[in-house]
Amino acid sequence: MRYLRKKITTGKAENVARSLLGHYLCRKTEDGLVKGMIVETEAYLSKNDQACHASRGKTRRNETMFGEAGKAYIYFIYGNYYCFNVVTGPIGQGEAVLVRAVEPLEGLDLMRERRGYPELDRDLTNGPGKLCQAFAIDRTLDGHELWQEPLYLKENSSINEKTEVKATPRIGISVATSKKLRYIISGSNYLSRRESLE
DNA sequence: GTTAAGATCTGCT
DNA sequence: GCAGATCTTAACG
């Protein structure tokens, strides 16, 4: 298994959001390795997207969003939680993909410890704040290059060609709610919301 | 300096 | 299904 080719994280956020599904997110700390498969993402565009942090220009918080594709954009929200994004656009563009949920694969015990031993394994990582807790991701990793340790993307060379991807409205935003920029692996048991019938 | 809102989660009903 | 916790950020004065 190799590191994810950098070009997969480069391009229009909608396309990258779709492409990242099924690949792996890995996190190494001195406590060990944690690994999960990406099952849910959201695209945040730079233009005509009021929900995107970059839509009102560069600030100290969002400046990595305007940086190089393949870097991590991490921000703190609601007084308690971090959200993890992959920057996708060329320098100056301001687009990114929010990783909302992964399926836990390795380091389950470490995730349980960090998450306070939830009853169900899917509660380890089925939400942007939860997966950051399980993966020990915080602002110190903002701007980190995702093709090297200790936080990196790895290729899944055996993604099922028949994997069904669905696009739905994004979650938790109050503007631009009609755009279908949330992408999920249909049928996954590790999504942040139960798949609705559409 | 002050204030209001936020790409969420948890626990309770 | 819904309200409360919690505090950083950015917009405004």
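So that the names make sense, note that chain A is the first sequence line, chain B the second, and so on, each numbered from 1. Any value given below was found using the heavy atoms of this structure, including those in side chains, with hydrogens, waters and symmetry copies removed. In this text, all values refer to a predicted model and were calculated from it rather than measured experimentally.
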Check your understanding: Now, which nucleotide makes the Watson-Crick or G-U wobble pair with C:dT6, with each of the two distances under 3.5 Å?
Key -> none
Practice item. Kindly indicate whether the side chain of A:Tyr24, heavy atoms from C-beta on, has any atom under 4.5 Å from the side chain of A:Ile38. Key: no
Check your understanding: Taking atom C1' of B:dA7 as reference, at what distance in whole Å does atom CG of A:Leu131 sit?
Key -> 12 Å
Review point. Given that both distances must come in under 3.5 Å, which nucleotide forms a Watson-Crick or G-U wobble pair with B:dC12?
Key: C:dG1
**Study point:** A:Gln133 or A:Tyr44, whichever maps to the more 5' nucleotide of DNA chain B
**Key:** A:Tyr44
Exercise for review: Would you name the heavy atoms of A:Pro169 and A:Thr177 that are closest together and state the gap between them?
Suggested key: CB-O, 3.5 Å
Review point. Can the ring centres of A:Phe84 and A:Tyr82 be said to be less than 6.0 Å apart?
Key: no
Practice item. Report yes or no: do A:Gln133 and A:Arg114 form a side-chain donor-acceptor pair below 3.5 Å? Key: no
Check your understanding: Any side-chain N or O of A:Ser174 less than 4.0 Å from the OP1 or OP2 oxygen of B:dG6?
Key -> yes
Exercise for review: Under 4.0 Å between any heavy atoms, over every strand shown, what does A:Leu98 touch: base, sugar-phosphate, or nothing? Just pick one.
Suggested key: base
Review point. Expressed in angstrom and rounded to an integer, what is the separation of A:Asp123 atom CG from B:dT8 atom C1'?
Key: 14 Å
Review point. So do the side chains of A:Leu151 and A:Leu146 get within less than 4.5 Å of each other, counting heavy atoms only?
Key: yes
Exercise for review: Please indicate yes or no: is the ring centre of A:Tyr81 less than 5.5 Å from the centre of the six-membered base ring of B:dT8, with the two planes inclined by under 30 degrees?
Suggested key: no
Check your understanding: Hey, does A:Arg170 reach any base, or is it just sugar-phosphate, or nothing, if we go heavy atoms under 4.0 Å?
Key -> nothing
Review point. Side chain of A:Tyr75, base of B:dA7: donor and acceptor closer than 3.5 Å?
Key: yes
Practice item. Round to the nearest Å and state the distance from A:Met65 atom CE to C:dT9 atom C1'. Key: 15 Å
Review point. Choosing from C:dC7, B:dA7, B:dC9, which nucleotide comes nearest the side chain of A:Phe76?
Key: C:dC7
Exercise for review: Report yes if a side-chain nitrogen or oxygen of A:Arg100 is closer than 4.0 Å to either non-bridging phosphate oxygen (OP1 or OP2) of B:dT8; otherwise report no.
Suggested key: yes
Review point. Does A:Arg61 have a side-chain nitrogen or oxygen under 4.0 Å from the phosphate oxygens OP1 or OP2 of B:dG6?
Key: no
